[in-house]
Amino acid sequence: MQSTLQSIRRRAIVHVRPHSNGYSVEIIVQKDLEDTDRTQYATETTAGQRHDGSRTSRVDDFDDNPQTLGWIPLGRDTTLEQILLQDIFRRVTQKDTPGLLNH
């Protein structure tokens, strides 16, 4: 829902380390907001229109989409971290169900 009006990316880093009786799993999810030079459907453009009656032709295709200037860090997404940890825990602890390859 947050990414509906603006671009937000999430990057997950997962560390799996051997522990005395098993493994230790650490998940860090960083959330970043896209910083652009203008909005997607802005009325201003980088290619201005001429209103003096002269005719111009464009041979090249001009990409008029907003350009990404960088990403603004928004901190960690702890809710998504917990969801991922719960999913991993559920997959590791539940019994395997017989499938096509299991006899």
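Given the structure is predicted, the values throughout are model-derived calculations rather than measurements. Residue numbers count from 1 along this sequence.
Atom CZ of R11 and atom CH2 of W71 lie 9.5 Å apart (nearest 0.5 Å). Atom CZ of R76 and atom NZ of K31 lie 12.5 Å apart (nearest 0.5 Å). Interatomic distance, CG of D35 versus CG of L69, reported as 5.0 Å (0.5 Å rounding). Separation of atoms CD (E26) and CD (E81) is listed at 8.5 Å; rounding is to 0.5 Å.
Both I72 and I8 sit in one connected hydrophobic cluster of ILVMFWY residues. Membership requires side-chain heavy atoms under 4.5 Å apart, directly or through other members.
Enclosure of atom NE2 in H15 by more than 12 non-hydrogen atoms of other residues, nucleotides or ligands within 6.0 angstrom is indicated.
Membership of the apolar cluster around V25 extends to V14, V16, Y23, I27, V29, L80, L84, L85, I88, V92, as traced through chained side-chain contacts below 4.5 Å between ILVMFWY residues.
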